[in-house]
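Start at 1 and go down the list; that is how both ligands and their atoms are numbered.
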Amino acid sequence: MRTVREVAALREAVAALRADGAPVGLVPTMGALHAGHLALMAAARAGGAKVVASIFVNPKQFGPSEDLARYPRREIADARMLAEAGCDLLWAPSVEAMYPDGFATTVGVAGIADTLDGAARPGHFDGVATVVLKLLNQVRPDRALFGEKDWQQLQVVRRMAVDLDLGIEIACVPTQREDDGLALSSRNIYLTAEERTYAVALPRALGVAARRIARGDEPADVLAEAHETLVGAGFQVDYVALVNAETLASPPEPGRPRRLLAAARLGSTRLIDNIGIQ
Ligand code: PAF
């Protein structure tokens with residue numbers, strides 16, 4: 001697996017990958033890879049596609065008081081994992097290569113990016129949309145793969161890809177979980193051993209709430225109880241919300257697919273999770 005760090009080298013390497021006519025899949029990451037990323041890799045390889053993975057800790061999607069400085073960076077171990085997972089090319093630009101002096105463009109996806117995590121983390125999805133559009137333009141893949149764990153991000157990227165006629169398939173892979181149900185995340189390493197035991201309350205509370213809403217219990221009561229359960233487990237809750245799965249409108253219109261999304265902090269670690277309503 002080759003690693004490239006400049007756009008010109010990337011373009012040449014992707015052209016070489018395409019030489020035998022194979023489609024190209026992109027797996028965008030911020031590194032600190034885990035089994036969730038490997039599931040994206042496996043999906044990207046389907047149908048004999050060549051796979052480009054990117055590792056870029058994108059400063060534009062972190063707020064001023066967020067964890068940019070301490071976000072785990074371990075490119076050597078990540079590169080080994082990617083090579084073993086069949087990655088053909090690693091795109092690992094520096095911040096200067098991604099955002100050269102004079103860089104002045106921000107991509108905003110109105111509405112869908114302003115709610116939930118967009119409200120809790122102002123500017124976050126502008127940073128995500130800006131870097132994802134750059135990555136898609138740099139690699140020009142046939143498909144790009146995203147995890148369902150970042151459900152709102154997935155919908156923001158899908159909206160952007162449709163609105164801007166990118167002609168790139170935005171595909172997704174179900175959330176990968178620990179045995180007890182905690183969603184895999186690069187940020188789980190921030191949890192202390194004690195916090196880790198409480199963290200499982202998040203997927204459990206969402207699971208209980210989703211089952212109750214599916215059987216017809218009043219959503220407002222169910223959401224309030226899920227909130228209370230999380231507070232009881234030591235979380236500071238940013239939101240527990242029932243939304244239209246695609247537009248994230250709340251409350252969701254009757255008859256449309258629904259999803260429960262939550263974000264909550266345990267100590268200094270912010271966890272997010274989501275679940276579909278059957
Ligand atoms: O989900 C992530 O790891 C990041 O938000 C992404 C999509 C790589 C953009 O920086």
Side-chain angles (χ1 to χ4, degrees), residues 5 7 10 25-41 43-44 51-63 66-75 77-79 81-82 85 87 89-95 97-99 103 105-109 112-113 116-118 120-139 141 143-161 164 166 168-176 183-190 261 263 269-274:
R5 300 184 191 279
V7 175
L10 172 73
L26 171 66
V27 177
T29 83
M30 296 207 300
L33 303 182
H34 49 66
H37 297 106
L38 297 185
L40 295 173
M41 285 295 306
V51 182
V52 180
S54 62
I55 296 181
F56 180 66
V57 181
N58 174 33
K60 291 192 184 291
Q61 68 187 78
F62 290 78
E66 292 185 351
D67 57 340
L68 174 62
R70 72 166 177 153
Y71 197 85
R73 290 162 171 86
R74 40 180 201 229
E75 192 189 303
D78 287 345
M81 276 174 80
L82 289 171
C87 184
L89 180 65
L90 172 57
W91 169 224
S94 62
V95 173
M98 188 61 94
Y99 300 122
F103 185 89
T105 300
T106 299
V107 180
V109 183
I112 194 168
L116 304 172
D117 256 33
R121 306 178 65 190
H124 169 67
F125 286 118
D126 287 356
V128 169
T130 302
V131 82
V132 170
L133 184 58
K134 277 185 69 87
L135 291 166
L136 294 174
N137 277 329
Q138 289 162 342
V139 177
R143 302 168 80 204
L145 286 292
F146 294 83
E148 288 187 353
K149 195 200 119 235
D150 294 290
W151 186 264
Q152 188 172 8
Q153 167 174 282
L154 174 64
Q155 305 315 318
V156 167
V157 170
R158 283 193 164 148
R159 185 74 260 162
M160 174 182 77
L164 299 183
L166 295 185
I168 294 169
E169 181 195 348
I170 306 298
C172 64
V173 167
T175 303
Q176 306 296 303
L184 296 189
S185 163
S186 305
R187 289 186 166 101
N188 289 353
I189 58 158
Y190 299 155
L261 276 69
T269 310
R270 187 170 187 276
L271 300 176
I272 58 172
D273 204 344
N274 66 86

Worksheet item: Would you say the side chains of Tyr99 and Asn58 form a donor-acceptor pair under 3.5 Å?
Response: yes
Is there a donor-acceptor pair under 3.5 Å between the side chain of [X] and the backbone N or O of [Y]?
X      : Y      : value
Gln138 : Leu10  : no
Glu169 : Pro141 : no
Asn188 : Ala183 : yes

Practice prompt. Considering the heavy atoms of Thr29, write down every atom of ligand 1 situated less than 4.0 Å from one of them.
Written response: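 Atoms satisfying the 4.0 Å criterion: 8 (C).
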Item to complete: Give the numbers and elements of all ligand 1 atoms closer than 4.0 Å to a heavy atom of Val131.
Response: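 Checking each atom against Val131, I get 9 (C), 10 (O).
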Practice prompt. Run down the list Lys60, Gln153, Gln61 and name the one with the heavy atom closest to atom 7 (C) of ligand 1.
Written response: Gln153
Fill in: Residue selection (non-hydrogen contact nearest atom 8 (C) of ligand 1) among Gly127, Pro28, Ala32
Pro28
Practice prompt. Answer with side chain, backbone, both or neither: which part of Val157 has a heavy atom less than 4.0 angstrom from an atom of ligand 1?
Written response: neither
Worksheet item: Between Leu38 and Leu33, does a side-chain contact (heavy atoms from CB on, under 4.5 Å) hold up when you go through it step by step?
Response: CA-CA 8 Å; Leu38 297 185; Leu33 303 182; 5.7 Å; no
